[in-house]
Each structure stands twice: as structure tokens, then as C-alpha cells.
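Residue numbers count from 1 along this sequence.
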Amino acid sequence: FHSVLYGDAKGWARRFNNAINSYIPGVMNPHAKVVQKWNKFFVISCLVAIFVDPLFFILLAVKQKENCIVIDWGMTKAVVSFRCLTDTIYLLNIFLQFRLAYVAPESRVVGAGELVDHPKKIAKHYLRGYFFIDLFVVLPLPQIIVLALIPRGLDSSSANYAKNLLQAAILVQYIPRLFRFIPLLIGQSPNGFIFETASANFFINLFTFVLSGHIIGSLWYLFGLQRVNQCLRDACHNSGYQEECKKFIDCSRHENAAEQQVLSQNWTHWTNNANASDCFTPDHFSYEIYVQAVNLTGENTITRYTYSLFWGFQQISTLAGNQVPSYFIWEVLFTMAIIGIGLLLFAFLIGNMQNFLQALGRRRSEMSLRRRDVDQWMKHRRLPVELRRRVIEAERYHWASTRGVNEEMLLENLPEDLQRDIRRHLFKFVKKVWIFHLMDEHVLDAVCEKLKQKIYIKGSEVFCVGGLVEKMVFIVRGKLESIGHDGTVVELSEGNVCGEELLTWFLEHSSVSKDGRKIKISGQRLISSRTVRCLANVEAFSLSAADLEQVTSLFARHLRNPLVQGAIRYQSPYWRALAATRIQVYWRYRQKRLKRSKTTQSNHFAPQSNHSSFSRV
């Protein structure tokens, strides 16, 4: 026992420390998926938290028959439970900040900055930052006041003082809560955006507007209740039993006090006090903007909250235009605050919602503007009617295919490996093309990097006889026909290629010097011997002659592979049609030679037969 208690004390402490540390997570990356999910959950809990606090004001009500203020204890327990739940989540987030790496401010000069993952530096950074604000925000002050101070009743007017203390505690805690929650409500954190989708931001902005109406309506109800309380105190001051009537104003401390009040003769006088009863008539006291709240204080909880929320929405939307405050200074300041908050919401939240709604039809509006610019340009250049029709049809089909999105601009800012993977996904059809079926992956990546999307409408000519072959076109969707100079017609569809003769031409019209450098034979261009016409609208990708020449110069050894050459020569519709045409020409030429040789032989044997017959005679 002595060795366990003294000799092995360090061993026990070490094992206990290890057991505790096993449940404590290590330093976490702020960009990890778990942290991102927690941030979204934490933002939702923050929304609930700042929504719950104003509900404490709605819990207070007035018993008009008894001229006293009461608390709805059933709803109070539910609100306190929600507040405890949100405080627990916020406390867990405070613990997380001690294990969450941060970006050093001095390292943000270049790039995204350097993550600091040392536990002591993380703790010092958080302690010097928002730790004490977060600690003050998470203090359970409303719970202590509601569950401990109000039910006990420490002095003659304890309930009234406790209620005032509750209101002050909520208001004092609410300001730093908003200071910490507003960046999260906007959807941002020190690690980037929390809600990245437009729909999520739309609902966040909508909920923020609802929350603003909720806060304004709850404060309006609270201030109206305070004015009723002031009227009751004035009536109490004019009565002959001031000390006892201060107790009567707070009629919900506990059952014993209520029994004592019923037994008191002054309680009966207070319930029948004319000045106190007149507090619930608008003409007796200067309520002004709180007139509707006077009788609302005597309704049930749902009615009090619903009407307060409606009043908040109405005043924010109209900027308190229909309200005229009294000379009471706090009433004037409250009206000014409503006007300022309304202007802020219209400038920020409503503006964001308008941008979102406009973004839904942004592509449509861009298409309309593009169409108008094209129409004005065609009128300015006086294009014929047929050309105008073709231009409009091409624009419409191009917009339907791309949805107005510039894919090249989207890809250029991404990392190179990600661009390569995206191109492999988008250009899977390249492997289906017989020319590239036998090529290596790096050759295909080089080809996909140079591909450009092309749209052709019905009747467009991709190539024409006598024109230059300046591109190689890969057909993705649609049908074309290839018409040779001799009238040979070959149909092309998805997976086919036109302009593939350009690849062979580059391989045949280039040589390599002794030092391995490519020698370009200048002054030669490939002339098309066929016309390629679209039979329907065609979606394709093209590879320009300059890009194809660059690919052939870099991967000439792979392209000179006999298998690749065989694929080009024997599987291309163009080369097969050209080979068939040449075979027919050679066959006809062979037939003519045979026919000519037979004619010559027949003419040669004819004189010999005549001479032999004459000699016999």
C-alpha cells in the first residue's frame, strides 16, 4: 500500500494522464470535413440561440383583473431548456478553439498563409482573441435569474427587481452575441465560406430578416410592458399603501405570497383601484407607439408572440413610417433604432435576396442582351435575311449547348492535375475515336488540353473542296456527310473524325535533323479534296492545325507507331473512301491496259494468219 501510494504515484499519474488524453482530440485542420460540418451545425445553433433570448421578454404578461405582472412558468422552462442546450453547444465550440489550427497573420503576405498547429500557440492566440467574449456570452445568467432569484423573493420588491435584472442580463449578453454571430450569419468564418450554395445563403438572409422582426417585436412588447409597469407604479404611488402595492404588482413569486395577498384587505383595494385599472386604457397614460402592446400584455403566449412578430415586420418594412413617438427619450431612441435597422436590412439583406432572385434569371437576361447586341450588329452591317437567320440559329444552338458558361475560364484557375482529370472526364469520347484508341495517356492528355468546343448548325460546311484544312474535328453529337471531289459520299456521326488527313500530312511533311530537332518544310499547306457538310446540328471539339502540329512534333515517335498508322489508314472513312477511289482508278486503268493489249495482240495475229493462208494457196 505504501509503494502504491508513494513509490508508484508518478506511474499512476502518468497512466491517468494518458487515459484522459486519449479522449482529447489532437490539433485539427480548419479545412477538414469534420470541422466544416461542425461549423454549419454551430451556425444553426447560433441562429437558434439568438432567436431564443428575445423569447424571455414574451414570457412576461399582465393580469388585468388583478393589476399585476406574471411569468408564464410553463413556457419559461421550455425557453430555459433551449438556452441551456445552445450554451452547451457554444461551450463545446470554445473547447474546439483550443484544438483548432489557425493561420498566422504575418504569413498572409503571400498565398493563403501558414497554419499554426502548436497547441500552446493556439491557446495563446485564442486567449488573446475572443475567449473572454465567448466566456461572457456562454454564462448562464438568464437561467440563474429565472430559476433562482425570481422564485425566492429576497425583499419586498424582489420580483420586480429580478425581472429588471433578467431584462438587463439578456440585453447585455445579446450585444456580444450578435458581435460574434453576425460574421457567421453572413456565412463567413476565418477559414472561408460556411454556406457556399446560393440557396443556403438565400435562406440565411431570409431567416436574418425574420430574426430582425423577431427582435424588434420582442423589444417593442418588453418596452410596452415596462410602460404598463410604470403606469401601475404611478397608481401605487398615489395610493395610501405604497409598500404593499409594490408587492401586489408582482403577483407570481410563489404560492405563499399569493395566499397572503388574498388575505390582505389592501389586495382587494388594489384590484379595485381605478387608477390601476385605467392603465389598460390608451387615453389614461401616454403610450404612443406602445398602444397596441397595452392590451396585448393580457393575451396568451402565442397571441403575444405572433402579434409582436407582425409588428416587428411591419415597422422594419415601413421604416416606422406610421409611428409617432412621445417625448419619452427611450421611446424616441427605439423608434430611431427601428428606422436605422430597417435601412440596413434593405441595403444589405433585401439586396442580397434581390441578387439571388436576379441570379435565377441571370443566364436568361444575358442571352437576351446577347441577342439584342447581335441584332443591332446585323442591322448595322446590313446582313442579308438568310445570313441573319443562320446567325440567330447558330447563337440559339450555341447557348442551348453551353448555357452561357465559359468552360475555359472556369478551368484556367484550377490546379493542373485537377484540370487534367476534368478533361479526361469531359473528353471520354476521345478514347472511342479509332485514331487515339491505341495511344498512350500522356498523348491523349496533350490532345485534350488543346481541344476547343465547336457548334455547327444544319447546313454548315466544316470543309470545302479547294479550301485549307486548318483543323481536325471530333464529332460528339450530330450527323455529317463527306462528299469527295469525285462525288463519293460518306456519312459521319458520333465517334467519327473529319480532317484526320491533317495528322498524316504533318507526319509526312516533317523531318528530323541530326541533333534531333524538327525541321519544318515551309510554304506548304494541306488543301481539302472533299466537302464536309452538316446534315443536322452538330456538337464537336476541334484541334487547330497549330496545336496538332505541336502535338505531332512532341509525340512523333508514338504517332509513327505502325498500329496508329494502320488505324489512321485503314479505319478512317476518308482514307477508306480515298483508297476505294484509287483502287477503282487503278482497276479501270488496268482494265484499259488489258483491253489495249488484247486489241494489239489481235491486230498482230490477224496479218500472220492472212499471210499463211496466201502461201498455202
Single hit among Phe328, Trp220, Phe223, Tyr221 for ring pair (Phe, Tyr, Trp, His ring centres under 6.0 Å) with Phe334: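 When Phe328, Trp220, Phe223, Tyr221 are each tested with Phe334, the ring pair (Phe, Tyr, Trp, His ring centres under 6.0 Å) holds only for Phe223.
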
Under the salt bridge (charged side-chain N to carboxylate O under 4.0 Å, His left out) test, which residues partner Asp53, sequence neighbours left out? Arg83, Arg177

Name all residues meeting the salt bridge (charged side-chain N to carboxylate O under 4.0 Å, His left out) criterion together with Asp72; count only those two or more places apart in sequence or in a different chain, and write none if there are none.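 Asp72 satisfies salt bridge (charged side-chain N to carboxylate O under 4.0 Å, His left out) with no residue once adjacent residues are dropped.
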
Should we count [atom1] of [X] as having more than 12 external heavy atoms under 6.0 Å?
{"X": "Phe136", "atom1": "CZ", "value": "yes"}
{"X": "Leu369", "atom1": "CG", "value": "yes"}
{"X": "Phe82", "atom1": "CZ", "value": "no"}
{"X": "Tyr130", "atom1": "OH", "value": "no"}

Quick one: pull up [atom1] in [X] and [atom2] in [Y] and give me the separation to the nearest 0.5 Å.
{"X": "Asn93", "Y": "Ser45", "atom1": "CG", "atom2": "OG", "value": "7.5 Å"}
{"X": "Leu344", "Y": "Ser212", "atom1": "CG", "atom2": "OG", "value": "8.0 Å"}
{"X": "Leu296", "Y": "Thr303", "atom1": "CG", "atom2": "OG1", "value": "7.5 Å"}
{"X": "Tyr290", "Y": "Gln226", "atom1": "OH", "atom2": "CD", "value": "10.0 Å"}

Could you tell me how the ring of Phe209 sits relative to the ring of Phe313: parallel (under 30°), tilted (30 to 60°) or perpendicular (over 60°)?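 Parallel.
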
How are the rings of Phe131 and Phe98 set relative to one another: parallel (under 30°), tilted (30 to 60°) or perpendicular (over 60°)?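 Geometry flag for Phe98 against Phe131: perpendicular rings.
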
Any side-chain heavy-atom pair of [X] and [Y] under 4.5 Å:
{"X": "Ile216", "Y": "Trp311", "answer": "yes"}
{"X": "Leu92", "Y": "Trp38", "answer": "yes"}
{"X": "Phe57", "Y": "Ile170", "answer": "yes"}
{"X": "Gln173", "Y": "Leu141", "answer": "yes"}
{"X": "Tyr126", "Y": "Leu100", "answer": "no"}

Sub-6.0 Å ring centroid separation between Phe310 and Tyr307: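 Aromatic pair counts; centres sit under 6.0 Å.
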
Are the ring centres of Tyr90 and Phe42 closer than 6.0 Å?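 They qualify: ring centres under 6.0 Å apart.
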
Taking all non-hydrogen atoms of both residues, which atom of Glu288 and which atom of Val324 are closest, and how far apart? OE1-O, 3.5 Å

Pairs in or reaching into residues 119-145: which pass salt bridge (charged side-chain N to carboxylate O under 4.0 Å, His left out), with residues at least two apart or in two chains? Asp134-Arg180

Under 3.5 Å, is there a donor-acceptor pair between the Glu331 and Ser326 side chains? yes

